[in-house]
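Side chains are part of it too, since the values below use all heavy atoms of this structure and drop only hydrogens, waters and symmetry mates. Small disclaimer: the values here were computed from a predicted structure and weren't measured.
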Amino acid sequence: MRKISNLIKTNCRVYLIVTSEEFDKKLRRQAESEGIKIEDNSDLYVLRENRVLKAVGFIDHLCFHSGTKTMGDDTPIVRVDAGKYLCGDNFLF
């Protein structure tokens, strides 16, 4: 199984989308085993460098769904399907 902590990158905005309750449970178990804190309940999280998965707000939802490749400050955006990632499948959204 892949590790969530492998997605922590400097100078990138990493979004994880959760597409089912089953994958939400897998994500939570894996995060807990890696010492990654999950704040709030959501279907879309941003992975912070301080090992926190944080539910996103309105602007991040827009950014995730817009298809843009960078933030306004040219920070690269990585979109990950959490369930596929944890199962070893092609995971980029």
(message) Under the side chain to side chain donor-acceptor pair (under 3.5 Å) definition, can you give me all pairs with a residue in residues 83-93, not counting sequence neighbours?
(response) none
(request) Please report the closest heavy-atom contact between Val18 and Leu27, naming both atoms and the distance. (result) CG2-CD2, 3.6 Å
(message) Can you give me the closest heavy-atom contact between Leu47 and Ile4, atom names plus distance?
(response) CD2-O, 3.8 Å
(request) Grab the two heavy atoms, one from Cys63 and one from Thr68, that are nearest each other, plus how far apart they are. (result) O-CG2, 4.0 Å
(message) Is there a salt bridge (charged side-chain N to carboxylate O under 4.0 Å, His left out) between Glu21 and Lys25? Walk through the geometry before answering.
(response) CA-CA 6 Å; Glu21 189 175 323; Lys25 289 177 184 175; 3.6 Å; yes
(message) Applying side chain to side chain donor-acceptor pair (under 3.5 Å) as the test, list every pair that has at least one member in residues 73-82; sequence neighbours left out.
(response) Asp73-Thr75
(message) With a 4.5 Å cut-off on side-chain heavy-atom distances among I, L, V, M, F, W and Y, is there a chain of contacts connecting Val46 to Met71?
(response) yes
(request) Determine which pairs satisfy salt bridge (charged side-chain N to carboxylate O under 4.0 Å, His left out) with at least one residue from residues 41-68, sequence neighbours left out, and list them in order. (result) Arg13-Asp60, Glu39-Lys54
(message) With rounding to the nearest 0.5 angstrom, report the CD1 to CG distance, Ile38 to Asp24.
(response) 7.0 Å
(message) I want to check something: taking the side chain as every heavy atom from C-beta on, are Asn41 and Arg28 in contact at a cut-off of under 4.5 Å?
(response) yes
(request) Name all pairs fulfilling the ring pair (Phe, Tyr, Trp, His ring centres under 6.0 Å) condition that reach into residues 5-36, sequence neighbours left out, sorted by first residue then second. (result) Tyr15-Phe64
(request) Looking only at non-hydrogen atoms, find the nearest pair between Cys12 and Val78 and report the distance. (result) SG-CG2, 4.4 Å
(request) Kindly work out whether a path of hydrophobic side-chain contacts (I/L/V/M/F/W/Y, heavy atoms less than 4.5 Å apart) joins Phe58 to Leu16. (result) no
(message) The criterion is side-chain hydrogen bond (donor to acceptor under 3.5 Å, both in side chains); which residues satisfy it with Glu34, sequence neighbours excluded?
(response) Ser5, Gln30
(request) Please check if Ile8 and Leu92 belong to a single hydrophobic cluster, counting links between Ile, Leu, Val, Met, Phe, Trp and Tyr side chain heavy atoms closer than 4.5 Å. (result) yes
(message) Among residues at least two apart in sequence or on other chains, which ones pass ring pair (Phe, Tyr, Trp, His ring centres under 6.0 Å) with Tyr45?
(response) none
(message) Quick check: closest heavy atoms across Gly88 and Arg2, and the distance to 0.1 Å?
(response) O-NH2, 3.4 Å
